[in-house]
Structure formats: structure tokens, C-alpha cells
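Everything on this sheet refers to the single structure shown next.
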Amino acid sequence: MSTAISQPIRTIDVALGSRSYPVWIGPGLLADTARWRAALRGRHALVISNTTVAPLYLDRVAEGLDGLHWSSFLLDDGEAHKTFANVGRALEALAQLGATRDACVVALGGGVVGDLAGFSAACWMRGIDFIQMPTTLLSMVDSSVGGKTGVNLPAGKNLVGAFHQPRAVVADIDTLATLPDREYHAGLAEVVKGAAIGDATFFAWLEQHAAALNARETAPLIEAIARKVQYKAGVVARDETEQGERALLNLGHTFGHALETAGKYTVLLHGEGVAIGMLLAAKLSERLGMSGEGDTARLHRLLEALGLPTAIPSGMEPAPLLALMRLDKKNLAGTLRLILWRGVGRAEIVSGVSEADVMAVLEAATR
Ligand code: NAD
Ligand code: GLY
């Protein structure tokens, strides 16, 4: 990652009245302890991280916690550990610490850590503060912002959770230097998603800066993160609990979750599923006359330029994928409800989508 020219810290506010909070984006933020320490109100802190991230970055956070009663709770690495059992262990760690109502949970890691830590904070004494310190690109641009927290059940992903907003988000882009390439590119899919849903100008900017983003150049990377966060912050401020507009953030997710599940969460990363899913949603939109061939082609080119998969992995069949799509949380009363688009930057919620149309798109994509 190039860091030749020092970059200013970007601050984006998530405007939620008395629960508003800043998202800080830039280099050196974990070590900028004075900045984030001010968001801690009490004397107790529990850092929740995992066995991959803690050895890399816990030291920097520890410096900022000097003088407080604090401890850490480390998850094993992976989605399989985003469980109720681990929430129980995190709460036990808060009890051991003697955490009072003004205690703070610090989530240091990717979306798995952030979701579980946020949910633990929501549960302890019916809700204490937490700070998100996202260390993956996906968590910087998506999961750390907006207050969705939760864990998985054997019955499905993210079935249990709470809306619980953080006090601050500390997105230190220096941590991305150790992020594996595949995880980095999966995060770029969530950046494309924001542009595809609601910002055609940003989409064009991404088309122009794909090579720089692939090279992890600092200035374009900060700009991309900030623009996606700005977009998401606006949506969250208008529709915190997903009564309407926030559902648009799920563009590509109904197809994507089906693909992730069909691959038993080992074939595709979440962002990769979203990339393929967005393209399938674009193809379906085109089939329904909502958008043109040119829009689908632009999305296809951008995803490819950013090193993302665009084809359904071999071995996955249309009928089982459709069956998985029927289970999506957005569906109402047995009909498919999908996020589709009217071209770049114009997504919308469409109810009553016919299974025959979805099947036709899946069949064409698996031929
Ligand atoms: P992740 O948390 O599993 O992190 C991906 C991998 O990168 C892990 O192996 C992790 O240990 C490693 N890692 C993290 N930071 C690193 C670093 N700086 N250097 C080296 N390795 C590092 O996955 P993710 O993609 O960040 O998040 C996915 C999770 O986020 C899923 O559970 C998904 O459901 C959730 N999610 C939540 C929301 C929300 O709004 N709450 C939105 C999108 C996704
Ligand atoms: N990732 C979707 C949302 O935060 O609503």
C-alpha cells in the first residue's frame, strides 16, 4: 500500500440525534489514542478480537486503554465462531471484569468480530457502549456502520441480533496492509454495491480508479471508503431499522446468500457472493425491462476490473439456488421480493417477482 503522501483523516457523521457518531477513516488511527479514547465514558473496557487480528493490532489499542480496567476476549477465526455460545463467553468476560453500565466493548476485527461484539454490548446490562475498530475493507465500508449486530444460529445466518449503534467507528486503513488479497477484493464488492444502488457518479469514479484500488493506493482507497460510508450513513440516518430504503443495501444479497449457502460458506466469501448476486440482479432487471443491456455490461466490466468473480461457481444448479432464495428474509407471504435496479445508481425494491423469470436468469447463467 502506498503511503508516500500523508493523508488527512476523513470524518463522516452518522446522524441519529443523540446517538449520532463519527466514522473516522485514514491511516494511523489505532495509534491516535487521544481521538478514540474520548469516546469511552467509563473505567471498564473489553476488547473483543480474534486470534488472527489480535497479535497484529491489539498492542496499539492497548496503549489507548492504559489506566482503565480492561481485558480482552479472543474468538477463534471464522464465521463458524459467530455464535450464541461465544456471546455467552463475551458476557462472562464482562462479568469477570466487573463491567458497569458505563463500560465499553471495543470490537477489533472484521465483520464477524464486529457483529458479535456489538451484540454482546447490546445484551450486557441491556445495552452498553461499543466502539467499532474494523480491520477488513468489508467491515470498514459496511458492517461497522449502521448498528446491525448479531450472531448465526444453526438454522441460518444473522437470525438473532439487535440494532445497536456504536459510539464511534475507527477505520485505520493501515490495518488493510495485512489483509489477504481475496478478502480485500471481497470488500471492494461492497463498495461497488453502494455506487450501484444509489450513486452513478461514484460508479463512474470507480470505473476510472479500478487499477489504483487494486493496487491499494492510499488516497483512492480512502476516497472509496469515505464515499461508500457517506452513502450508507445517509441511508441509515433516514431508515435506521430497515422499514424501507435500507433494504436497498441488500442489492445482490438474495442471489448472493443462496450462492454462499449452496457453497456451504467455503466456496465464496460474502463479498464474492454479493458480486455475482448483483450481476444476476442486473440480468433479472434487464429481463424485466427495468434496465438496459448497457447497464448490465458496465457492472460486469467493473466487477471484473476489480478482480471479483462474476460467474456462478460450477456445480451449482438453478433449482436448488431458487429453493434457497425462497427462504430469504425479505420475501413476504410466499412471493419473491428482490432488490433490482433501473440502471446504474437506481435500485428499487420489487415485490411479486415471478419464479419463472428468476429461473430463466439462473438457467442462462449456469449454461
Ligand atoms: P471476517 O470478519 O471473517 O474477516 C475476514 C478474514 O480476515 C478473517 O480471517 C479475519 O481474521 C481476517 N482479518 C481481519 N482483519 C485482518 C487484517 N487487518 N489483517 C489480516 N487478516 C485480517 O469477515 P468480514 O468480511 O470482515 O465480515 C463478514 C461478516 O460481516 C459476516 O459475518 C457478515 O454476516 C457480516 N456483515 C455484517 C453486516 C452488518 O451490517 N452488520 C454487513 C455485512 C456483513
Ligand atoms: N449490510 C446491510 C445493512 O447494513 O443494512
Side-chain angles (χ1 to χ4, degrees), residues 1 14 30 48-58 60 74-83 86 107-119 122 130 132-152 156-166 169 171-191 193-194 197 216 228-229 231-253 256-257 260-261 265 268-274 329-330 339 347:
M1 210 156 73
V14 182
L30 290 184
I48 301 184
S49 188
N50 76 10
T51 50
T52 302
V53 177
L56 295 167
Y57 301 113
L58 183 56
R60 295 183 202 178
L74 303 190
L75 298 168
D76 287 333
D77 195 351
E79 184 72 37
H81 303 286
K82 202 174 98 174
T83 59
N86 276 327
L108 175 69
V112 166
V113 164
D115 281 11
L116 184 141
F119 187 52
F130 85 114
Q132 289 272 21
M133 295 187 173
T135 62
T136 62
L137 182 55
L138 183 138
S139 57
M140 289 181 189
V141 300
D142 196 352
S143 61
S144 66
V145 178
K148 280 190 182 175
T149 72
V151 292
N152 305 325
K157 262 194 82 170
N158 298 330
L159 283 181
V160 179
F163 285 101
H164 188 57
Q165 301 291 341
V169 180
D172 184 340
I173 62 142
D174 290 346
T175 61
L176 298 179
T178 52
L179 190 68
D181 253 346
R182 196 172 160 203
E183 296 288 351
Y184 176 78
H185 288 277
L188 287 176
E190 295 287 0
V191 176
K193 190 186 74 179
I197 295 166
R216 306 193 192 197
K228 168 65 201 292
V229 169
Y231 172 70
K232 183 165 181 180
V235 174
V236 169
R238 290 188 292 275
D239 180 22
E240 182 183 4
T241 56
E242 200 165 313
Q243 304 305 305
E245 183 187 0
R246 188 164 178 173
L248 297 178
L249 298 178
N250 293 312
L251 177 68
H253 280 59
H257 277 158
E260 277 183 88
T261 310
Y265 299 99
L268 293 170
L269 298 177
H270 176 69
E272 294 172 336
V274 168
K329 291 201 281 289
K330 285 184 295 307
I339 312 304

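Please read all numbers here as calculations on a predicted model, not as lab measurements. First listed ligand is number 1; within each ligand, the first listed atom is number 1.
Here Asn50 has side-chain heavy atoms under 4.0 Å from ligand 1, and that is the only part of it that gets that close. The proximity of Val236 to ligand 2, defined as any non-hydrogen pair under 4.0 Å, does not occur for either the backbone or the side chain. Under 4.0 angstrom from ligand 1, the non-hydrogen atoms of Thr52 all belong to its side chain. Heavy atoms of Lys82 found under 4.0 angstrom from ligand 1 belong exclusively to the side chain.
The closest side-chain heavy-atom distance from Asp76 to Asn50 is not below 4.5 Å.
Distances between N or O atoms of Tyr57 and those of ligand 1 include no value under 3.5 Å. The shortest N/O to N/O separation between Asp77 and ligand 1 falls below 3.5 Å. The distance criterion of under 3.5 Å between nitrogen or oxygen atoms is not met by Glu183 with respect to ligand 1. Between Asp142 and ligand 1, no pair of N/O atoms sits closer than 3.5 Å. Between Thr135 and ligand 1, at least one pair of N/O atoms sits closer than 3.5 Å. The shortest N or O to N or O distance between Thr178 and ligand 1 is under 3.5 Å. An N or O contact shorter than 3.5 Å links Gly111 to ligand 1 by distance. Of the polar atoms of Asp115, at least one N or O is found under 3.5 Å from an N or O of ligand 1, judged by distance alone. Backbone and side-chain nitrogen or oxygen atoms of Asn158 are examined, and one is located within less than 3.5 angstrom of a nitrogen or oxygen of ligand 1. Taking only nitrogen or oxygen atoms, main chain and side chain alike, Lys232 reaches within less than 3.5 Å of ligand 2. When only interatomic distances are considered, the shortest N/O to N/O separation between Pro180 and ligand 1 does not fall below 3.5 Å.
Within the model, atoms CG of Leu179 and CZ of Arg216 stand 5.5 Å from one another, a figure rounded to the nearest 0.5 Å. Once rounded to the nearest 0.5 Å, the distance linking CG of Asp172 with CZ of Arg60 reads 6.5 Å.
Per-atom contact check: atom 12 (C) of ligand 1 does not touch the protein, criterion being a heavy-atom distance below 4.0 Å.
The closest donor-acceptor contact from the side chain of Thr149 to the backbone of Ala162 lies under 3.5 Å. At distances below 3.5 Å, not a single donor-acceptor pair connects side-chain atoms of Gln165 with backbone N or O atoms of Phe163. Checking side-chain atoms of Asp239 against main-chain N and O of Glu245 turns up a donor-acceptor pair under 3.5 Å. Side-chain N or O atoms of Arg246 include one that pairs as donor or acceptor with a backbone N or O of Glu240 at under 3.5 Å. Using a distance-only test at 3.5 Å, with no hydrogens or angles considered, a donor-acceptor pair links the side chain of Lys232 to the main chain of Asp142.
Of all protein heavy atoms, the one closest to atom 5 (O) of ligand 2 is Arg246 NE, 2.7 Å. Looking from atom 1 (N) of ligand 2 to the surrounding protein, the closest heavy atom is Asp142 OD1, 3.1 Å.
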side-chain contact (heavy atoms from CB on, under 4.5 Å) between Val113 and Leu75: does it pass, once the steps are laid out?
CA-CA 8 Å; Val113 164; Leu75 298 168; 4.1 Å; yes
Give the C-alpha distance, both sets of side-chain angles, the deciding distance and a yes or no for side chain to side chain donor-acceptor pair (under 3.5 Å) between Thr178 and Tyr57.
CA-CA 10 Å; Thr178 52; Tyr57 301 113; 2.6 Å; yes
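If you run side chain to side chain contact (heavy atoms under 4.5 Å, CB included) between Leu269 and each of Glu183, His185, Glu260, Glu79, only Glu183 comes through.
The closest non-hydrogen atom to atom 3 (C) of ligand 2, taken over Glu240, Glu242, Lys148, comes from Lys148.
Between Phe130 and His164, the two ring planes are parallel [angle under 30°; tilted spans 30° to 60°].
In the vicinity of Lys157, heavy-atom distances shorter than 4.0 Å reach the ligand 1 atoms 31 (C), 33 (C), 34 (O).
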